[in-house]
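Structure, as structure tokens:
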Amino acid sequence: MIFILLLSVVTTNYALMTLASSLNDAEAVNVSGSMRMQSYRLAYDIHSESVDYAEHIEQFEDSIYSPSMKALQHWLVPDDITQDYYRLIARWHELKSILYSEQREQYLPLVEDFVEQIDDFVFKLQTFSEQKLIKLAWVGGSD
């Protein structure tokens with residue numbers, strides 16, 4: 001009886017930890033996915049000489065440093081996802097310096113590669129979230 005109780009407590013705690021860590025997943029996927037659109041919007045802003053250009057740079061900055069993205073630095077997140085997040089930040093800083101320069105048109109041929117980098121990142125986030133849910137289903141099924 002004690003073994004069954006202990007097993008129940010362990011699986012319940014695992015389920016709660018997994019669910020709690022999954023709350024951020026959907027938001028991080030949405031935010032990083034929106035960064036793709038924001039990247040293209042910046043290219044459009046350059047092309048159209050938009051008056052909202054500086055505001056859109058700030059919005060991208062807010063997205064990449066949002067709480068859901070910063071949470072990817074947690075010890076429960078795989079190192080490859082955290083490292084990809086750091087690479088996105090590094091690339092963003094390079095691109096941001098171009099965006100604020102007089103030669104902002106140099107951003108235009110670079111945006112597609114940046115969006116591809118974001119796409120790869122979003123895919124890893126989705127896969128990680130799916131893996132957690134699969135593990136949770138297995139643990140839940142073992143009760």
Side-chain angles (χ1 to χ4, degrees), residues 3 5-143:
F3 176 74
L5 179 63
L6 184 60
L7 181 62
S8 178
V9 168
V10 169
T11 57
T12 301
N13 283 335
Y14 177 78
L16 289 174
M17 283 180 46
T18 302
L19 288 174
S21 70
S22 294
L23 292 176
N24 182 63
D25 293 353
E27 186 177 352
V29 167
N30 287 337
V31 169
S32 57
S34 76
M35 289 169 25
R36 295 179 288 205
M37 182 276 301
Q38 292 177 53
S39 300
Y40 284 129
R41 182 175 61 189
L42 287 169
Y44 178 78
D45 286 349
I46 292 168
H47 185 71
S48 67
E49 298 180 11
S50 172
V51 295
D52 298 322
Y53 178 69
E55 181 183 336
H56 292 161
I57 293 173
E58 292 293 323
Q59 287 175 354
F60 190 98
E61 187 91 359
D62 291 344
S63 293
I64 202 165
Y65 290 116
S66 69
S68 64
M69 297 296 283
K70 285 183 177 180
L72 297 172
Q73 300 172 82
H74 193 271
W75 64 271
L76 290 172
V77 177
D79 287 340
D80 64 322
I81 291 176
T82 303
Q83 292 306 315
D84 282 355
Y85 175 56
Y86 292 150
R87 282 190 278 277
L88 276 177
I89 291 171
R91 185 66 177 140
W92 167 243
H93 284 285
E94 293 169 5
L95 294 173
K96 188 170 71 167
S97 67
I98 293 170
L99 291 167
Y100 279 126
S101 75
E102 293 298 318
Q103 292 83 29
R104 63 181 73 156
E105 298 83 24
Q106 292 177 356
Y107 174 80
L108 299 176
L110 303 174
V111 69
E112 194 168 332
D113 285 339
F114 186 50
V115 169
E116 188 174 314
Q117 184 180 2
I118 295 170
D119 276 339
D120 292 341
F121 180 69
V122 170
F123 180 74
K124 282 186 179 179
L125 284 177
Q126 289 173 326
T127 302
F128 174 56
S129 183
E130 290 168 4
Q131 289 171 346
K132 285 197 293 188
L133 294 175
I134 289 169
K135 288 177 188 173
L136 183 59
W138 275 99
V139 168
S142 68
D143 277 347

Donor-acceptor contact below 3.5 Å, side chain Ser129 vs main chain Gln126: no
Student check: side-chain heavy atoms of Phe128 and Leu72 closer than 4.5 Å: no
No-hydrogen, no-angle side-chain donor-acceptor test under 3.5 Å, Gln59 and Glu55: yes
Leu95/Leu42 under side-chain contact (heavy atoms from CB on, under 4.5 Å): CA gap, chis, key distance, verdict: CA-CA 11 Å; Leu95 294 173; Leu42 287 169; over 6 Å; no
Close side-chain approach of Asp113 to Arg91, heavy-atom, < 4.5 Å: no
Greater than 12 external heavy atoms within 6.0 Å of Tyr44's OH: no
Distance in Å, Glu58 CD paired with Ser63 OG, rounded so as to fall on 0.5 Å steps: 11.5 Å
Side-chain touch Glu27/Met69, heavy atoms, less than 4.5 angstrom: no
Within-4.5 Å side-chain heavy-atom neighbours: Arg36 and Asp119: yes
Criterion side chain to side chain contact (heavy atoms under 4.5 Å, CB included) against Tyr85, the qualifying member of Asp80, Ile64, Val77: Ile64
Spacing of NZ belonging to Lys132 relative to OG1 belonging to Thr127, to within rounding of 0.5 Å: 12.5 Å
Gap separating the NZ atom of Lys96 from the CD1 atom of Ile89, nearest 0.5 angstrom: 10.5 Å
Ring pair (Phe, Tyr, Trp, His ring centres under 6.0 Å) evaluation trace for Tyr40 with Phe60: CA-CA 11 Å; Tyr40 284 129; Phe60 190 98; over 10 Å; no
Contacts of Gln83 that satisfy side chain to side chain contact (heavy atoms under 4.5 Å, CB included) - sequence neighbours left out: Tyr86, Arg87
Heavy atoms of other groups near Gln73 CD, more than 12 under 6.0 Å: yes
Within-4.5 Å side-chain heavy-atom neighbours: Leu88 and Trp92: no
Side-chain donor or acceptor of Ser39 paired with backbone N/O of Val115 under 3.5 Å: no
Inter-residue atom distance Gln131.CD - Lys124.NZ, 0.5 Å rounding: 11.5 Å
Check: Leu125 and Asp84 side chains under 4.5 Å, non-hydrogen atoms: no
Rounded distance (nearest 0.5 Å) linking atom OH of Tyr107 with atom OH of Tyr100: 12.5 Å
Over all atoms of both residues, closest heavy-atom pair of Val31 and Ser68: CG2-OG, 3.7 Å
Value rounded to 0.5 Å, distance of CZ in Phe123 from OG in Ser32: 13.0 Å
